[in-house]
Amino acid sequence: MDCFRSPTRFLISTIVFVLFVSSLQFHYTEAYDALDPNGNITIKWDIISWTPDGYVAVVTMFNFQQYRHISAPGWTLGWTWAKKEVIWSMMGGQATDQGDCSRYKTSPPHCCKKTPSIVDLLPGTPYNQQIANCCKGGVINSWAQEPNNYASSFQLSVGAAGTSNKTVKPPKNFTLLAPGPGYTCGPAVVGKPSKFLSSDGRRVTQAMMTWNVTCTYSQFLAQKTPTCCVSLSSFYNDTIVPCPTCTCGCQNNDTNPGSCVNPNSPYLASVVNAPGKNSLTPLVQCTRHMCPIRVHWHVKLNYKDYWRVKVTITNFNYRMNYSQWNLVVQHPNFDNLTQIFSFNYKPLTPYSTINDTAMLWGVKFYNDFLNQAGPMGNVQSELLFRKDKSTFTFDKGWAFPRRVYFNGDNCVMPPPDAYPHLPNAGSRGKWSLFVFFMTCLTFIFLFE
């Protein structure tokens with residue numbers, strides 16, 4: 001009996017261990033993005049001077065993500081103090097809640113909370129409250145889209161803290177909302193002290209101490225349902241493949257009233273402008289897919305040496321205008337992209353030898369702003385590809401993208417067996433022969 005129990009117990013233990021390791025691997029890889037494997041937001045906490053009871057620090061967030069940006073209403077950064085620190089004053093940012101500062105009889109600090117939440121200041125802030133890279137309303141562009149505007153900073157004076165490298169302690173439990181959930185931040189790690197160049201470029205100063213915090217994004221944490229889908233069509237097939245039904249939710253105003261809005265409703269304006277219009281929760285147009293964003297890929301024309309695609313992005317969200325939007329598309333023919341009309345283009349090569357991924361975004365002051373749902377809620381462009389004789393084909397859905405991202409979120413594709421397919425010449429010939437044969441038989445019977 002013991003001999004039987006031992007192998008059984010060993011087998012059960014092995015299964016439990018494998019499941020445990022698998023779950024760890026899943027949680028580790030869910031934030032991994034194959035098209036931007038090194039993308040992250042890095043927070044640098046630079047102590048630039050000591051004060052009688054603490055220090056002055058400049059905190060900078062660098063968006064090292066190729067195509068995922070932080071849109072309005074912007075970021076919110078939080079942490080937990082290691083001791084009983086307070087924030088005496090701030091520039092370029094502010095705490096959303098002062099907290100209980102009753103123990104300070106005169107000149108209360110800016111914030112006394114153990115877990116402060118910091119937001120960026122708005123554009124137009126007085127100059128004496130600004131520092132470099134601040135005051136953009138918390139909006140940070142992606143690294144590839146606007147490499148000169150991918151950082152945000154604020155300065156804070158911290159009290160009741162250590163006054164030297166040996167006595168000071170870094171904050172813990174960093175959180176980043178951008179503007180909603182989705183980011184997971186690691187612990188603060190001591191790094192190489194940052195260096196700063198003076199405005200005239202003639203002097204370099206160095207931080208007393210620097211901590212680095214890395215935050216990574218997971219679409220699973222950001223939202224429970226997808227945010228975009230892809231539909232397909234082609235010139236060689238009359239079938240338009242729509243987004244899968246219920247991709248981002250199901251239309252059910254009986255059990256969930258207000259889940260979507262009919263565009264022909266006479267109450268449309270009142271619903272759109274109702275309380276909660278600034279909510280991050282989408283208010284979408286009633287569709288089969290119920291997604292805020294649909295990307296349509298249409299194989300438009302075929303030439304001798306080239307082929308042409310039309311891409312249309314439609315906004316079905318009545319609560320969101322997308323400024324500085326971007327689209328990432330993976331297709332093997334992007335290494336032979338010849339021309340693109342009315343969109344900006346940049347190749348993304350996370351694996352340097354493979355050039356099959358493109359980042360597309362709007363032209364400034366022309367179509368970089370995607371309006372909310374309605375007649376103007378779409379942008380479109382056309383792409384011209386040169387054919388590679390060794391790989392090009394319209395067969396088996398080759399002309400359609402492998403993966404599509406909108407604003408950094410993976411869009412749901414239709415199932416491959418639903419893709420528009422080439423007309424089957426063989427079956428068409430057999431059908432024509434059958435029709436001819438039946439016509440002849442009918443003719444014989446009629447005139448017999």
Side-chain angles (χ1 to χ4, degrees), residues 28 31 40-64 75-121 129 131-134 138 140 151-178 181-196 204-217 221:
Y28 176 76
N40 67 74
I41 290 181
T42 297
I43 302 169
K44 295 184 77 69
W45 189 295
D46 294 308
I47 298 177
I48 57 175
S49 63
W50 301 107
T51 62
D53 69 336
Y55 58 86
V56 175
V58 173
V59 180
T60 305
M61 285 177 281
F62 295 96
N63 186 6
F64 291 124
W75 54 262
T76 302
L77 181 66
W79 62 79
T80 301
W81 289 116
K83 298 190 285 186
K84 295 183 179 181
E85 293 93 335
V86 295
I87 301 174
W88 280 113
S89 62
M90 290 191 68
M91 292 179 63
Q94 63 182 0
T96 58
D97 187 352
Q98 184 184 29
D100 182 9
C101 296
S102 57
R103 70 178 185 270
Y104 295 91
K105 303 304 179 184
T106 58
S107 303
H110 177 81
C111 179
C112 300
K113 285 182 68 69
K114 179 76 172 178
T115 56
S117 294
I118 309 300
V119 295
D120 194 11
L121 297 181
Q129 299 175 29
I131 66 165
N133 291 321
C134 84
I140 307 179
S152 183
S153 301
F154 60 88
Q155 179 179 301
L156 70 169
S157 177
V158 181
T163 56
S164 70
N165 288 16
K166 293 183 179 180
T167 58
V168 73
K169 290 188 177 180
K172 303 179 293 184
N173 305 327
F174 279 85
T175 59
L176 176 62
L177 301 178
Y183 284 92
T184 302
C185 299
V189 178
V190 177
K192 186 177 180 180
S194 300
K195 293 185 178 182
F196 306 94
V204 175
T205 57
Q206 180 172 301
M208 304 295 175
M209 193 172 192
T210 295
W211 297 312
N212 294 322
V213 179
T214 302
C215 302
T216 54
Y217 179 83
L221 297 177

Visitor: Are the side chains of Thr216 and Tyr183 in contact, using a 4.5 Å heavy-atom criterion?
Guide: no
Visitor: Any chance the rings of Trp88 and Tyr104 have centres within less than 6.0 Å?
Guide: yes
Visitor: For the residue pair Phe154 and Leu77, establish whether any side-chain heavy-atom pair is separated by less than 4.5 Å.
Guide: yes
Visitor: Between Asn133 and Ser152, is there a donor-acceptor pair closer than 3.5 Å when you use the side chain of the first and the backbone of the second?
Guide: no
Visitor: Nearest 0.5 Å please: distance from the CG atom of Leu176 over to the CD1 atom of Ile43.
Guide: 5.5 Å
Visitor: So how far is it from Met209 CE to Lys192 NZ, rounded to the nearest 0.5 Å?
Guide: 15.5 Å
Visitor: Quick one: does Trp211's side chain get under 4.5 Å of Val190's, heavy atoms only?
Guide: yes
Visitor: Below 4.5 Å, heavy atoms only, C-beta onward: do Ile140 and Trp75 meet side chain to side chain?
Guide: yes
Visitor: In Å, rounded to the nearest 0.5 Å, how long is the span from OG1 of Thr60 to CD1 of Ile131?
Guide: 6.5 Å
Visitor: Please step through side-chain contact (heavy atoms from CB on, under 4.5 Å) for the pair Ser153 and Cys134, ending with a clear verdict.
Guide: CA-CA 5 Å; Ser153 301; Cys134 84; 5.5 Å; no
Visitor: If you compare all heavy atoms of Ile48 against all heavy atoms of Phe196, which two are closest, and at what distance to 0.1 Å?
Guide: CG2-CE1, 4.1 Å
Visitor: Report the distance from atom CD1 of Ile41 to atom OG1 of Thr214, rounding to the nearest 0.5 Å.
Guide: 10.5 Å
Visitor: Please give me the minimum heavy-atom distance between Trp50 and Gly162, naming the atom from each residue.
Guide: CZ3-O, 3.8 Å
Visitor: What pair of heavy atoms forms the shortest contact from Ile87 to Met90, and how long is it?
Guide: CG2-CG, 3.5 Å
Visitor: Nearest heavy-atom pair of Thr51 and Val158: which atoms, and what distance?
Guide: OG1-O, 4.1 Å
Visitor: Is there a donor-acceptor pair under 3.5 Å between the side chain of Asn165 and the backbone N or O of Met208?
Guide: yes
Visitor: Begin with the C-alpha distance, continue with both residues' side-chain angles, and end with the deciding distance and a verdict on side-chain contact (heavy atoms from CB on, under 4.5 Å) for Thr210 and Ile47.
Guide: CA-CA 6 Å; Thr210 295; Ile47 298 177; over 6 Å; no
Visitor: For the CD atom of Gln129 and the CD atom of Gln155, what is their distance to the nearest 0.5 Å?
Guide: 12.5 Å
Visitor: Taking all atoms of both residues into account, what is the closest heavy-atom pair of Ser117 and Thr76, and its distance?
Guide: CB-CG2, 4.0 Å
Visitor: Answer with yes or no whether the side chains of Ser194 and Asp46 bring together a donor and an acceptor at under 3.5 Å.
Guide: yes
Visitor: So which atom in Pro52 and which in Thr163 form the shortest heavy-atom distance, rounded to 0.1 Å?
Guide: O-CG2, 3.7 Å
Visitor: For Cys215, give me all partners under disulfide (SG to SG under 2.5 Å), at least two apart in sequence or on another chain.
Guide: Cys185
Visitor: Can you check whether Val86 reaches Cys101 side chain to side chain, under 4.5 Å on heavy atoms?
Guide: no
Visitor: If we ignore angles and hydrogens, is there a donor and acceptor under 3.5 Å between the side chains of Asn212 and Trp45?
Guide: no
Visitor: Under 3.5 Å, which donor-acceptor pairs link side chains of residues 106-115 to any protein atom two or more places apart or in another chain?
Guide:
| unit_1 | atom_1 | unit_2 | atom_2 | d |
| --- | --- | --- | --- | --- |
| His110 | NE2 | Ala95 | N | 3.0 |
| Lys114 | NZ | Trp81 | O | 3.0 |
| Lys114 | NZ | Lys83 | O | 2.5 |

Visitor: Would Leu221 and Thr184 count as a side-chain contact (heavy atoms from CB on, under 4.5 Å) if you check the C-alpha gap in whole Å, the side-chain angles of each, and the deciding distance to 0.1 Å?
Guide: CA-CA 9 Å; Leu221 297 177; Thr184 302; 3.3 Å; yes
Visitor: For the residue pair Trp79 and Phe174, does the interplanar ring angle fall in the parallel (under 30°), tilted (30 to 60°) or perpendicular (over 60°) class?
Guide: tilted
Visitor: Would you compute the distance between atom CG of Leu121 and atom CD of Gln94 and round it to the nearest 0.5 angstrom?
Guide: 5.5 Å
Visitor: Under the side-chain contact (heavy atoms from CB on, under 4.5 Å) criterion, do Leu156 and Val59 qualify, and how do the steps go?
Guide: CA-CA 8 Å; Leu156 70 169; Val59 180; 3.6 Å; yes
